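I have placed the structure first, in the form of structure tokens, so that the comments after it can refer back to it.
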Amino acid sequence: MSISKQSAETRVRKFKFAAMLLPIFAILLIVPPLVSMRTTQNAVILGIPANIAYLFGVWLAMIIGAYILQKTMPDILANPPHPEDKKSD
Amino acid sequence: MISGTLVFGTSIAYVILLFILAYISDKNARLGKGKLLRSPLVFTLALSVYCTSWTFYGAVGSAARNGLEFFAIYLGPTLVFIGWWFGLRKLIRIGHKQRITSIADFVSSRFGKSERLAILITIMAVVGITPYIALQLKAISTSLRVILTDSPNAALPQTGDEVGLAFGVAAAMALFSVMFGTRNINANEQHHGVVAAIAFEAIIKFIALIAVGLFVVFGLGGGFEATYARAEDVGVALDASSNFGPRWITITILSAAAIICLPRQFQITVVENANENHLRTASWAFPLYLFGISIFTMPIAIMGLSLLPAGADPDMFVLTLPLAYDQQALALFAFIGGFSSATSMIIIASIALSIMISNHIVVPLALRSPKLFGLKQGQGMTRLLLTSRRVSISAVLFLGFIYFWLTSGSGALAPIGLISFAGVAQFLPAILAALYWRDATVSGALAGLLVGFIFWAYTSFLPSFGTASPFITDLLLYGPWQMEFLRPQVLFGLENMDPLVHSVFWSLLANSLALIVVSFLTQNNTVGQLQAAQFVDVFKQTENSQYSFTRSSAPLNDLLNMTQRVLGTEHAGRLFATYSNSDRIEQNKDASPHFIANLEKELAGSIGAASAHVLLGQVVSGDTVTLEEVMQMADETQQILEYSQRLEQTATELQSTTRQLQAANNQLRQLDQQKDEFLSQVSHEVRTPMTAIRSFSEILLTNKDLDSQQKQSFINTIHEESMRLTSLLDEILDLNALERGEQLWTNEPIDPNKAIARSIQVCTPITEQHQVEVRLGEHIRHVQVEANFDRICQVFINLISNAAKYNNAAKPFVEITSEITKMSDKPDQLTIRFTDNGPGISSAHSNTIFDKFWRGARNPDTAQSGSGLGLAISREILSQMNGSLELDVPKGGKAGMGACFAVRLPVHM
């Protein structure tokens, strides 16, 4: 099912759920046991020590996740401009 | 070695560049230009004021000493930003709605605009940030020494020169911050120029660090792989077991708290934020910035340890590596990068702190004793605010210098920063409660903050002076008065714990517990309850759901005087000009509560919510009891508004459904009753002829000796009665079919005059019998209507015969007239009126004559009577012709004189 076919309400609900899941999973990824789970000592990924590669990889995944999240945010959730921008009183 | 002239010259040139940038940006912002200034990009770059010289220099040192720990410093803020939807968004929304000026203002505003709370947080922030500022001073002075002496050796005992240098740096920074941050008092504490300068500095420090990183990794190390291959040799801990323990989690929590609680972060994220939507971009772009700035941290640490002589200060690797390999230009650029990161932190932190000090400490004091502060009646407070901010900035930097001096030689940068982090993290429970817990009270917040602050000061801040005073060294080892269970870093016997983890654990635990327990035991006052609702339910409120001093009033000119004192004549004039169009404020005119509420927000934007509230309270007189009640109501209403609205909606729906059901039920009952009545009437009608038929046929059967004449007459009666019975049943069937809506014929264009003529002819026997004259009055001659000829005749005959049968006038007549009525939205109507001069129909019966079996008062002369279904059938027939049959007022005649039936039919066009 394409995103455009979903009702606005469904998209809002899905967005909010995703917005909640992203930080929760991010936390799970950087605390033990996942963060300290390494099978071999001194493992190396692409020449970079496994622990550093893992942290950078997880970090990048969080950034991409956040990018996608805000990109798919339904427009109706966008906030009104700051009062300063439409100051009239 | 780089010449001192070059270093100082470059630094000064850089500062001047920043100043020009800030000046132009400020000017543009004031002219409403400079869209870039309000862009998400600038917002994101300004956020990177998080990356101070701790990041620039200290992270490498931390990596060299503690392995992967530096990651946690950046992962915490990353978590907060990718979870922006739940935390930061709410913070910013409230910040905008309440015109929050600082973190102290935020917390105090939430907890009933409490002044005590604002003061406590201000003091905590100043104390907590002092080590952080010392860190910057240390970084700048050390980097200056390094670049001037070209000596990679660290931990040189700090000479008098070093202290003097730090003092010089502090003084210069104070001057710099004063010039930047306090050139004017802004309406809402937004400093566009400063933010632009900070954003510029963010770019400089990023590029500088990346440049050094590229040089170190690819110029010296031979790529990432080769660089990391040296890690084991130099003893950098990269394994999981030593890195991801309690300290890892503690630092992640601390850094996540810091990105919200640090006064400078709060200033940039909430106060300087121009548009909430910028957060969307920042949610990924700021973590990306942190990611980028961390890429080379570990490689630089490894290369520094590997290439530089043992004992070199790891905190200065970013500078000493290029210097050691004669990259003087790069070293100078790196120095400027570090200088950037330090200055941006100092500027924003000192501005944020000075706002807090002036708004929450100086202004309340000045309001209480104006004379002491040289405030004269009618004199502006703007001067006082500016002066107090300038003094505060200098004082904050001086405190930083004192800390630096006292803790001199205490080594690395990162541990100093973490002390600050742990200090400001004490705000976190109060902020979380402010955002999500309605029942948190001002006493709870005060208790939590105070307890947390004491625990932090005892377990973290105090021990940092360990090297400075033998008394404190003793205290750390043996506890106060030899009470070992009170040793600051082994409190209550909690041993074998990292000092930072130990301190954060105790302070945050005690802080949260105190907040929760005291909140449960106490209650918010009315302002507190209202503010709680405004904060916790900020997303449920509409634009205008702000409360005001209900029933409050204040003369406009009093308010104007007061506002002028705070905001200055010009700004106050603008504010009030929008309220009253004339230039002169009428002496006795009162301001509206709405205006007063807005004014309070405007004032809060300059001097903080608590001061604004107190200040306005001096001028505004209000019915406090009512005010309290209204607030109470508003608060509780807010809470149940959503539910009650939903309930109300459901109730309304239920009510209307019930009404519909009741109506339907009534209709059904009526129908049922009508059916019963109809049945009994039909039975009655049928019974009369049946009785006649039965009795006559019985007579015929039992009396054999009747003469033929009598027999004939009886048989005639039986025949007539059975004919009547048949026609009655026919009519009932007919009516039934009509009522069911069965189309028994098709409508076609017919000439109504012909139908009238035929009907008159058919009725001749009756009219002659009753000696009724049928007159044809004024009528439309050439017209055609949509109808069925036979059926319309049936209606006409019924009407004429009724008029004849019931007419008891001396000279009875029936007059038939017709006319055309123009209709706008449907075909024109032909109205045919049958008017008689009979007894008429009383108004009581006008509604019932069309009922089944209704009969008029019979003419005593006429034994003959109808079935009582004629009018009902006629009406049904006409409704199937899209026409109608109504009792009408005779045209030109008086009501009550005779009856007049109007037949309306659509004209065939």
Side-chain angles (χ1 to χ4, degrees), chain A residues 15-39 41-56 58-71 73 75 77-89, chain B residues 38 67-68 71-72 74-75 78-87 89 92-93 96-97 99 187-188 190 223-229 231-232 238-241 243-245 248-249 252 273-277 279-285 287-288 290-291 294-295 298 543 575 578-579 595 598:
Chain A
F15 169 80
K16 286 183 178 171
F17 193 60
M20 182 180 71
L21 283 186
L22 183 65
I24 291 176
F25 273 105
I27 291 169
L28 286 179
L29 286 172
I30 60 158
V31 296
L34 278 179
V35 75
S36 46
M37 180 184 67
R38 221 63 72 230
T39 45
Q41 281 285 318
N42 302 326
V44 170
I45 300 168
L46 299 171
I48 297 167
N51 277 323
I52 292 184
Y54 175 82
L55 286 175
F56 274 126
V58 165
W59 199 349
L60 205 59
M62 290 181 202
I63 294 167
I64 293 168
Y67 178 79
I68 295 172
L69 182 76
Q70 62 88 26
K71 206 69 178 163
M73 183 173 118
D75 285 337
L77 290 176
N79 311 291
H82 184 225
E84 190 79 349
D85 291 346
K86 46 160 193 180
K87 201 165 184 175
S88 57
D89 58 317
Chain B
R38 292 171 165 277
L68 300 176
F71 270 99
Y74 306 105
L75 285 174
T78 300
L79 291 178
V80 172
F81 269 83
I82 64 173
W84 61 284
W85 181 259
F86 292 97
R89 193 174 64 108
I92 290 180
R93 178 71 65 89
H96 285 170
K97 279 206 166 182
R99 296 280 181 97
N188 43 15
Q190 290 195 339
F224 278 109
E225 194 168 351
T227 305
Y228 279 119
E232 211 172 334
L238 297 178
D239 60 306
S241 56
N243 276 302
F244 304 124
W248 170 264
I249 292 175
T252 307
N273 174 277
N275 185 333
E276 201 179 305
N277 293 321
L279 200 53
R280 279 171 77 169
T281 308
S283 74
W284 61 271
L288 190 62
L290 297 178
F291 181 92
S294 307
I295 286 178
M298 186 52 94
E543 270 305 302
L575 252 181
T578 54
Y579 186 67
F595 178 74
N598 275 343

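Everything numeric here is computed off the predicted structure, so don't read it as measured data. When reading the values below, keep in mind they use all heavy atoms of this one structure, side chains included, and skip hydrogens, waters and symmetry mates.
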Give, for atom [atom1] of [X] and atom [atom2] of [Y], the distance between the pair rounded to the nearest 0.5 Å.
X	Y	atom1	atom2	answer
A:I63	B:S283	CD1	OG	10.5 Å
B:W284	A:I68	CH2	CD1	12.0 Å
A:I27	B:L75	CD1	CG	11.0 Å
B:L288	A:Y67	CG	OH	11.0 Å

For [X], is it the side chain, the backbone, both, or neither that has a heavy atom closer than 4.5 Å to a heavy atom of chain A?
X	result
B:F71	side chain
B:L279	neither
B:I249	side chain
B:T252	side chain
B:T78	side chain

- Residue among B:M298, B:R280, B:E225 with most heavy-atom pairs under 4.5 Å to chain A: B:R280
- Using a cut-off of under 4.5 Å for heavy-atom pairs, which of B:L290, B:L68, B:L79 has the most such pairs with chain A? B:L79
- Worked check of side-chain contact (heavy atoms from CB on, under 4.5 Å) between B:W85 and A:M73: CA-CA 10 Å; B:W85 181 259; A:M73 183 173 118; 3.9 Å; yes
- Query: Mind checking whether A:W59 and B:Y74 have parallel, tilted or perpendicular rings, split at 30° and 60°?
  - Reply: parallel
- Query: Does a sphere of radius 6.0 Å around CZ in A:F25 hold more than 12 heavy atoms from other residues, nucleotides or ligands, not counting ones at 6.0 Å or beyond?
  - Reply: no
- Item | Residue among A:L69, A:I64, A:V58, A:L55 with most heavy-atom pairs under 4.5 Å to chain B | A:L55
- Message: Heavy-atom pairs under 4.5 Å with chain B: which of A:I24, A:V31, A:L60 has the most?
- Response: A:L60
- Least distance between heavy atoms, A:P49 atom then B:Y228 atom: CD-CG, 3.3 Å
- Item | Which atom of B:I82 lies closest to which atom of A:A26, heavy atoms considered | CD1-CB, 3.5 Å
- Note on the structure: Contacts of A:A53 meeting side-chain contact (heavy atoms from CB on, under 4.5 Å) (sequence neighbours excluded), chain-then-number -> A:I45, A:I48
- With B:A282, which residues qualify under side-chain contact (heavy atoms from CB on, under 4.5 Å), at least two apart? B:F43, B:T44, B:L47, B:F81
